There are 2 protein chains.
Amino acid sequence: METVGRIAGVSQVTVSRALNDPKKVSAATLKRIQDAIELTGYVPNMVAGALASRRSQLIAALVPSITNVIYSDLMQNFIDVIRGSGYHVLMAETGFSQDEEQAVLSTMLSRRPDGILLTGIHHSPGCKRMLLGAGIPVVEVWDMTENPLDVCIGFSHIKAGEEVAKYAVSCGYEHALIISAGDERALRRKNSFAAQFDQLTGNAPTEVLYETGATIERGRNGLTTGIELGFKNGIVMCSSDLLAHGVLIEAQSRGLRVPEDIAAIGFGNQNFAPFTLPALSTVEVNRTHLGKQAAEALVARINNQPLSKNSIDIGFEIIARAST
Amino acid sequence: METVGRIAGVSQVTVSRALNDPKKVSAATLKRIQDAIELTGYVPNMVAGALASRRSQLIAALVPSITNVIYSDLMQNFIDVIRGSGYHVLMAETGFSQDEEQAVLSTMLSRRPDGILLTGIHHSPGCKRMLLGAGIPVVEVWDMTENPLDVCIGFSHIKAGEEVAKYAVSCGYEHALIISAGDERALRRKNSFAAQFDQLTGNAPTEVLYETGATIERGRNGLTTGIELGFKNGIVMCSSDLLAHGVLIEAQSRGLRVPEDIAAIGFGNQNFAPFTLPALSTVEVNRTHLGKQAAEALVARINNQPLSKNSIDIGFEIIARAST
DNA sequence: TTGTATGCGTTATCAT
DNA sequence: ATGATAACGCATACAA
């Protein structure tokens with residue numbers, strides 16, 4: 001800035017102004033400064049800027065997995081909006097582990113982010129303490145609580161499980177097989193589905209659980225295991241569309257008719273869901289909307305603008321297609 | 001640090017040493033400093049550290065799409081290794097556009113990253129100029145050139161297309177349908193496949209192109225369009241496993257036998273490929289290896305360690321499964 | 001509209 | 001082994 005200023009015949013401060021608040025600089029000097037910037041190839045140093053202004057223009061975003069479309073889709077929309085407000089995103093993976101989340105958060109806070117996006121509402125005590133100490137806005141997404149750390153935007157996994165159970169029963173299914181990934185939120189959906197389905201039909205669902213993530217492979221294996229465990233017909237409730245897709249494939253491989261012999265319902269409404277054979281019934285959560293709204297809420301909080309509510313339930317929708 | 005030092009009975013400088021180079025501090029004072037840090041809840045400020053040391057411990061990573069598993073998988077492994085070396089990753093999406101890449105790079109350079117990961121080898125002149133000006137290590141991945149900006153790790157898309165064509169012909173297919181996404185690398189594979197297939201069989205492939213990304217939906221529609229264009233039997237060469245999966249589904253929907261009536265081969269060897277019906281033939285690129293190696297190369301370059309070669313071809317492998 | 005002085009929280013250099 | 005001092009490149013308060 002010093003150099004640019006010298007060439008433009010102004011002080012370093014005026015260059016700073018020209019960059020951050022051009023209205024405060026006369027048109028003539030602004031032009032000279034821009035020419036000087038062009039000439040020198042000056043690149044602003046946000047590190048120094050952040051130190052001086054105490055605003056890093058950085059958002060830390062912690063997601064369980066970046067390869068899972070559910071979350072990367074959410075992040076894509078989040079980043080899109082947040083970039084528009086001049087922020088960069090420091091993204092990290094927590095692998096569904098609170099310890100990992102705490103470890104990652106700890107190093108991220110050294111970057112002095114202006115705001116934080118967390119996935120889920122369950123965090124370690126150490127996490128909460130650090131967040132409190134940092135004193136910056138926090139948005140928790142993809143779950144719902146009345147007592148967020150700061151702001152929460154998402155939906156109730158318990159309700160989702162229940163509604164799927166009610167839907168399944170309304171379709172006339174009297175038996176159910178659950179194939180679920182092992183993360184805490186998937187298990188909460190599973191449990192509320194099982195409880196509700198049992199209550200309505202008197203039949204407790206058969207369960208096949210996988211410790212780690214959902215894949216088509218596990219959907220196929222899950223159906224196989226379920227059948228070995230005695231599941232004959234009814235609905236297969238999957239914690240993810242990928243598992244459900246695997247179920248459809250395995251059913252076809254076994255010559256089972258869908259939905260006559262077995263039905264399947266997934267979760268997530270991934271973009272392939274309408275195009276499987278048969279088309280996959282699922283639960284839709286508007287990830288585009290969620291990502292954008294989370295970004296807007298975070299920016300609002302950073303700017304001390306008031307939010308109407310600290311907990312925003314964006315809900316979900318059961319999409320009935322041919323697989324049920 | 002000032003506060004921590006006062007409590008520990010040392011100067012601010014000694015606290016800095018205790019954190020960055022503990023060996024230089026006596027065991028006794030180190031202990032007192034650690035206690036003081038614990039007591040105060042001190043969190044280091046990497047913004048200030050970066051300004052003073054001129055090392056941001058930040059890596060900028062530009063990928064075409066974060067929702068595409070091909071790239072997010074690559075990034076996952078990259079980040080994993082790079083984190084182990086004490087770096088944070090600033091990731092951004094470029095959407096397969098050189099203009100977008102330049103715009104993103106321009107704002108990223110303000111963060112003074114210590115290194116940069118780029119996807120692909122084709123960049124705008126402005127991009128190259130900025131990179132040159134920044135004077136930091138650059139690793140280009142997912143493609144191959146003898147003249148990288150700095151370091152290049154990947155494979156040849158032209159070779160990949162050619163090898164797929166040779167493989168297809170070796171299987172006995174005499175006609176081909178190409179379904180491809182519109183990004184530059186996919187088109188390069190498509191073109192070399194088409195040229196090679198034509199040369200070997202005398203039959204130019206039918207082509208269906210989509211401007212944007214690959215989805216199962218487009219795979220289904222692509223086969224439909226291809227059939228309308230006159231494709232009857234032979235092999236369907238897809239620029240992505242997702243497209244190929246869509247082809248399998250559409251074939252099944254039409255009662256076409258795979259691979260007897262039509263065969264299909266994808267690209268990427270995504271984790272579902274072995275579990276489709278029939279299992280999908282595809283081209284595998286070891287993304288885990290690529291991500292890790294890119295991270296290691298970048299760290300080595302940052303530390304001025306020599307690399308044996310500036311262009312590393314990790315190759316690819318045609319995985320023959322039941323769909324061909 | 002522009003400039004001067006000061007400080008942001010570290011690391012690096014040099015001295016002790 | 002430890003400390004004093006000077007950058008690092010910018011933004012802010014205040015003055016002109």
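To find a chain, count down the sequence lines: A is the first, B the second, and so on, and within it residues start at 1. Predicted, not measured: the structure shown is a model, and the values here were computed from it.
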Quiz item: Would you say the side-chain atoms of His122(A) and Gln98(A) include a donor-acceptor pair closer than 3.5 Å?
Solution: no

Quiz item: Of the nucleotides dT2(C), dT12(D), dC8(D), which has the atom closest to the Arg54(B) side chain?
Solution: dC8(D)

Quiz item: With a non-hydrogen cut-off below 4.0 angstrom, is Val47(B) in contact with a base, only sugar-phosphate, or nothing?
Solution: nothing

Quiz item: Any idea which of dT11(C), dA11(D), dG3(C) is nearest the Ser16(A) side chain?
Solution: dA11(D)

Quiz item: Has the side chain of Arg112(A) got a donor or acceptor atom sitting under 3.5 Å from an opposite partner on the base of dG9(C)?
Solution: no

Practice problem: Kindly compute the distance separating CG (Leu131(A)) from CG (Asp150(A)), expressed to the nearest 0.5 Å. | Solution: 9.0 Å

Quiz item: Just how far, in rounded Å, is C1' of dT10(C) from CG of Asn45(B)?
Solution: 7 Å

Quiz item: If you find the nucleotide of DNA chain D closest to Ser53(B) and the one closest to Lys24(B), which residue's nucleotide is nearer the 5' end?
Solution: Lys24(B)

Exercise. Please answer whether the main-chain N or O of Tyr87(A) pairs with a side-chain N or O of Ser85(A) as donor and acceptor at a distance below 3.5 Å.
Key: no

Quiz prompt | Rounded distance in Å - CE (Met46(B)) to P (dC8(C)) | solution = 21 Å

Exercise. Figure out the CD/P separation between Glu2(A) and dG9(D), and round it to whole Å.
Key: 11 Å

Exercise. Please report the shortest heavy-atom distance between Leu30(A) and Val25(A), naming the atom on each side.
Key: N-CG1, 3.8 Å

Quiz item: Base, sugar-phosphate alone, or nothing: which one does Arg55(B) contact when heavy atoms must sit under 4.0 Å apart?
Solution: sugar-phosphate

Self-check item: Option from Glu101(B), Gln102(B), Arg129(B) for which side-chain hydrogen bond (donor to acceptor under 3.5 Å, both in side chains) with His123(B) holds
Solution: Glu101(B)

Quiz prompt | Proximal nucleotide (of dA4(D), dT11(C), dG3(C)) relative to the Val13(B) side chain | solution = dA4(D)

Quiz item: Roughly, in whole Å, what's the span from CG in Asp21(A) to C1' in dT12(D)?
Solution: 13 Å

Quiz item: Picking from dG3(C), dA4(D), dT10(C), which would you name as closest to the side chain of Thr14(A)?
Solution: dG3(C)

Quiz item: Using a cut-off of 4.0 Å on non-hydrogen atoms, how would the nucleic acid contact of Val25(B) be classed: base, sugar-phosphate, or nothing?
Solution: sugar-phosphate

Quiz item: Counting side-chain heavy atoms from CB outward, which of dT2(D), dT2(C), dC10(D) is closest to Arg17(A)?
Solution: dT2(C)

Exercise. Looking at every strand, decide which applies to Gln12(B) at a 4.0 Å heavy-atom threshold: base, sugar-phosphate, or nothing.
Key: base

Quiz prompt | Side-chain N,O (Ser11(B)) to OP1/OP2 (dG3(D)) below 4.0 Å | solution = yes

Quiz item: Could you state the CG-P distance from Asn20(A) to dC10(D), rounded to the nearest angstrom?
Solution: 10 Å

Quiz item: Which nucleotide in the list dG9(D), dA11(D), dT2(D) gets nearest to the side chain of Leu51(A)?
Solution: dG9(D)

Self-check item: Of Leu19(A) and Thr29(B), the one whose closest DNA chain D nucleotide lies more 5'
Solution: Thr29(B)

Quiz item: Quick one: Lys31(B) NZ to dA1(D) C1', roughly how many Å, whole number?
Solution: 19 Å

Practice problem: For the side chain of Ala52(B), starting at C-beta, report the closest nucleotide among dG9(D), dG9(C), dA1(D). | Solution: dG9(C)

Self-check item: Derivation and outcome, salt bridge (charged side-chain N to carboxylate O under 4.0 Å, His left out), residues Arg188(A) and Glu184(A)
Solution: CA-CA 6 Å; Arg188(A) 236 187 301 146; Glu184(A) 188 272 329; 2.7 Å; yes

